[in-house]
Amino acid sequence: MNLVSASAPAIETRGLRKEFGQKVAVSDLSLTVQQGEIFGFLGPNGAGKTTSIKMFLGLVTPTSGEGFMLGAPLGDYRARARVGFLPEHFRFHDWLTATEFLTLHADLYGMPRAVTRARIPELLERVGLAAHARNKLRTFSKGMLQRIGLAQALINDPALLFLDEPTSGLDPGGRLLVRDIIREQRERGTAVFLNSHLLSEVEITCDRVAFVRHGEVLQVGAVEEMVEGEFPVQVRARNLPQSALVGLEQWATIVHANGEQFTLSVGREADLPVINRYLVEQGAEVYAFHPQHLTLEERFLQVIGTEAGL
């Protein structure tokens with residue numbers, strides 16, 4: 001039975017809550033992840049991210065609320081068969097070779113051996129481990145283990161892929177590889193649920209993100225929307241009349257001015273060429289004009305607060 005339909009979200013939760021005795025790990029989680037999107041799940045340590053993922057995977061039972069994954073209630077084994085998962089803290093069978101390890105996971109999914117034999121070489125090649133197919137995992141570096149972990153998460157050709165800190169221990173080339181594989185999954189219609197503390201990676205990889213604290217979504221939206229808002233512009237200009245600074249206030253707020261250098265706070269990117277043209281028309285010689293757009297990390301700290309500890 002194929003549980004995935006064109007209309008069913010990859011993940012949908014309403015008021016999901018998890019208590020461990022007196023401790024509330026997830027208080028009120030409501031979100032929707034669509035098929036074919038890369039969704040970033042961001043929050044400080046202790047925000048309930050890991051517990052939330054465990055509830056999605058059916059490893060932990062919610063205290064209250066409801067949720068669906070690939071069109072089925074959380075915990076449905078048929079839906080879980082369509083899911084790939086790379087946990088942050090993995091403990092792989094280091095006495096197995098790379099091929100034996102992937103074969104084991106394919107068997108756990110009930111994949112036909114003929115399919116497995118064809119798929120494993122493709123995956124090892126894709127994650128850059130083709131030359132290590134017969135090597136035991138105990139000989140692998142941290143980065144190589146991360147790559148073989150990604151291969152096992154993809155072995156069943158999942159419709160939904162959970163990646164918890166997938167670039168941990170990887171060098172820049174490894175992070176680029178993971179980024180490319182994630183985008184390939186999106187192109188084939190797979191939903192990717194990404195948890196990472198590397199917000200610069202999230203910003204260039206994800207379609208949408210959610211900021212989570214105490215197991216509750218504080219803000220969710222497209223990455224482009226998250227980094228919108230007022231941003232500073234550093235300007236250096238000579239011969240600018242004092243009266244011209246007052247005229248700038250129709251587009252921006254002057255945050256700081258010191259001789260030839262001043263900082264503006266601008267609300268719309270479309271106003272940048274207008275401001276630059278205005279300065280020239282007022283007789284200024286503009287030597288520098290540097291917009292400094294808000295990053296996802298800066299927005300994260302605005303929404304979550306400095307307790308994030310990044």
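Residue numbers run from 1 in the order of the sequence given. Model, not experiment: these values are computed from the prediction.
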### Query
Do you know the tightest heavy-atom contact between Asp28 and Gly15?
OD1-CA, 3.1 Å
### Message
Check whether Asp271 reaches the backbone of Val274 with its side chain - one donor and one acceptor, N or O, closer than 3.5 Å.
### Response
no
### Query
Does Phe140 belong to the same Ile/Leu/Val/Met/Phe/Trp/Tyr cluster as Trp95, with side-chain heavy atoms less than 4.5 Å apart forming each link?
yes
#### Entry: Whether Thr13 side chain and Leu31 backbone form a donor-acceptor pair below 3.5 Å
yes
### Task
Please step through side chain to side chain contact (heavy atoms under 4.5 Å, CB included) for the pair Leu86 and Phe162, ending with a clear verdict.
CA-CA 6 Å; Leu86 174 61; Phe162 288 94; over 6 Å; no
### Task
Could you tell me which non-hydrogen atom of Ala252 sits nearest to which non-hydrogen atom of Leu264, and how far apart they are?
CB-CB, 4.0 Å
### Task
For residues Arg208 and Val223, determine if any side-chain heavy atom of one lies less than 4.5 Å from a side-chain heavy atom of the other.
no
### Task
Verify side-chain hydrogen bond (donor to acceptor under 3.5 Å, both in side chains) between Ser196 and Glu201, making sure each step is shown before the conclusion.
CA-CA 8 Å; Ser196 176; Glu201 286 287 319; over 6 Å; no
### Query
Considering all heavy atoms of both residues, which atom of Pro9 and which atom of Thr32 are nearest to each other, and what is their separation?
CB-CG2, 3.7 Å
#### Entry: Atom pair CG (Leu177) and CG (Asp180), whose distance is rounded to the nearest 0.5 Å
7.0 Å
### Task
Could you tell me whether the side chain of Cys206 reaches within less than 4.5 Å of the side chain of Val209, counting heavy atoms only?
yes
## Note on the structure
So side chain to side chain donor-acceptor pair (under 3.5 Å) across residues 132-151, not counting sequence neighbours, yields His132-Asn135, Lys142-Gln146
#### Entry: Closest non-hydrogen atom pair, Leu170 against Gly143
CD2-O, 3.5 Å
### Message
A quick test of your reading: do over 12 heavy atoms of other residues, nucleotides or ligands sit less than 6.0 Å from CD of Gln34?
### Response
yes
### Query
Do Arg179 and Thr167 have side chains that get closer than 4.5 Å, going by heavy atoms?
no
### Query
Would Leu279 and Leu248 count as a side chain to side chain contact (heavy atoms under 4.5 Å, CB included) if you check the C-alpha gap in whole Å, the side-chain angles of each, and the deciding distance to 0.1 Å?
CA-CA 8 Å; Leu279 294 173; Leu248 281 172; 3.9 Å; yes
#### Entry: Non-hydrogen atoms of Gly215 and Val26 that approach each other most closely
O-CG1, 3.5 Å
### Message
Please report the interatomic distance CG(Leu129) to CG(Leu123), rounded to the nearest 0.5 Å.
### Response
10.5 Å
### Task
May I ask whether Leu150 and Leu104 are part of the same hydrophobic cluster, defined by side-chain heavy atoms of I, L, V, M, F, W, Y residues being less than 4.5 angstrom apart, directly or through others?
yes
### Query
Distance-only, no hydrogens or angles: does the Ser27 side chain make a donor-acceptor pair with backbone N or O of His214 under 3.5 Å?
yes
## Note on the structure
Between the CD1 atom in Ile148 and the CZ atom in Phe90, the distance rounded to the nearest 0.5 Å is 10.5 Å
### Message
Hydrophobic clustering (ILVMFWY, side-chain heavy atoms < 4.5 Å, transitive) - are Leu59 and Met55 grouped together?
### Response
yes
#### Entry: Joint cluster assignment, Val60 & Val24, ILVMFWY side-chain distance < 4.5 Å
no
### Message
Please report the interatomic distance NZ(Lys18) to NZ(Lys54), rounded to the nearest 0.5 Å.
### Response
10.5 Å
#### Entry: Side chain to side chain, Phe39 and Asp207, heavy atoms closer than 4.5 Å
no
### Task
Compare all side-chain heavy atoms of Leu42 with those of Val212 and state whether any distance is below 4.5 angstrom.
no
Anything under 3.5 Å between a donor and an acceptor, one on a side chain of residues 61-71, the other on a protein residue two or more places apart or in another chain? List them.
from, atom 1, to, atom 2, distance (Å)
Thr63, OG1, Glu19, N, 2.8
Glu66, OE2, Arg14, NE, 2.9
Glu66, OE2, Arg14, NH2, 2.7

#### Entry: Pairwise distance CD1(Ile11) to CD(Glu37) - rounded to 0.5 angstrom
9.0 Å
### Query
Picking from Gln185, Arg82, Arg186, what satisfies side chain to side chain contact (heavy atoms under 4.5 Å, CB included) with Leu161?
Gln185
### Task
Compare every heavy atom of Arg80 with every heavy atom of Leu57, then report the nearest pair and how far apart it is.
O-CD, 2.9 Å
### Task
Hey, can you tell me if Phe101 and Phe92 have their rings parallel, tilted or perpendicular (30° and 60° cut-offs)?
tilted
Side-chain donor-acceptor pairs of residues 111-119 under 3.5 Å, sequence neighbours excluded:
from, atom 1, to, atom 2, distance (Å)
Arg113, NE, Asp107, OD1, 3.0
Arg113, NH2, Asp107, OD2, 2.8
Thr116, OG1, Pro112, O, 3.2
Arg119, NE, Leu154, O, 3.4
Arg119, NE, Ile155, O, 2.9
Arg119, NH2, Leu154, O, 2.6

### Message
Go through it in stages, so that I can follow the logic: the residues are Phe289 and Ile275, the test is side chain to side chain contact (heavy atoms under 4.5 Å, CB included), and I'd like the CA-CA distance, side-chain angles, deciding distance and then a yes or no.
### Response
CA-CA 10 Å; Phe289 194 86; Ile275 294 171; 4.1 Å; yes
### Query
Does the side chain of Phe20 reach to within under 4.5 Å of the side chain of Thr51, using non-hydrogen atoms?
yes
## Note on the structure
Distance col, row His93:NE2 vs Arg91:CZ, nearest 0.5 angstrom, shows 12.5 Å
### Task
Indicate yes or no for a side-chain donor-acceptor contact from Glu285 to the backbone of Ala237 under 3.5 Å, with no hydrogens or angles considered.
no
### Message
Test your reading of the model: is there a side-chain donor-acceptor pair from Asn156 to the backbone of Val83, 3.5 Å cut-off?
### Response
yes
### Query
Should Thr103 and Ile120 count as side-chain neighbours, where that means a heavy-atom distance under 4.5 Å?
yes
### Query
Leu198, Val192: one ILVMFWY side-chain cluster at the under-4.5 Å cut-off?
no
### Query
Judged by atom type as modelled, is there a donor-acceptor pair below 3.5 Å linking the side chain of Gln35 to the main-chain atoms of Thr190?
no
### Query
Phe56 and Phe193: aromatic ring centres closer than 6.0 Å?
yes
### Task
Evaluate the side-chain proximity of Pro166 to Leu194: yes if any heavy-atom separation is below 4.5 Å, no if none is.
yes
### Query
Is any side-chain N of the basic residue among Asp164 and Lys49 closer than 4.0 Å to the acidic one's carboxylate O?
no
### Message
Show, in sequence, the C-alpha distance, side-chain angles and deciding distance for Val233 and Leu272, and conclude whether the side chain to side chain contact (heavy atoms under 4.5 Å, CB included) test is met.
### Response
CA-CA 9 Å; Val233 179; Leu272 294 179; 3.8 Å; yes
### Task
Would you confirm whether Glu100, through its side chain, and Thr97, through its main-chain N or O, come within 3.5 Å as a donor-acceptor pair?
yes
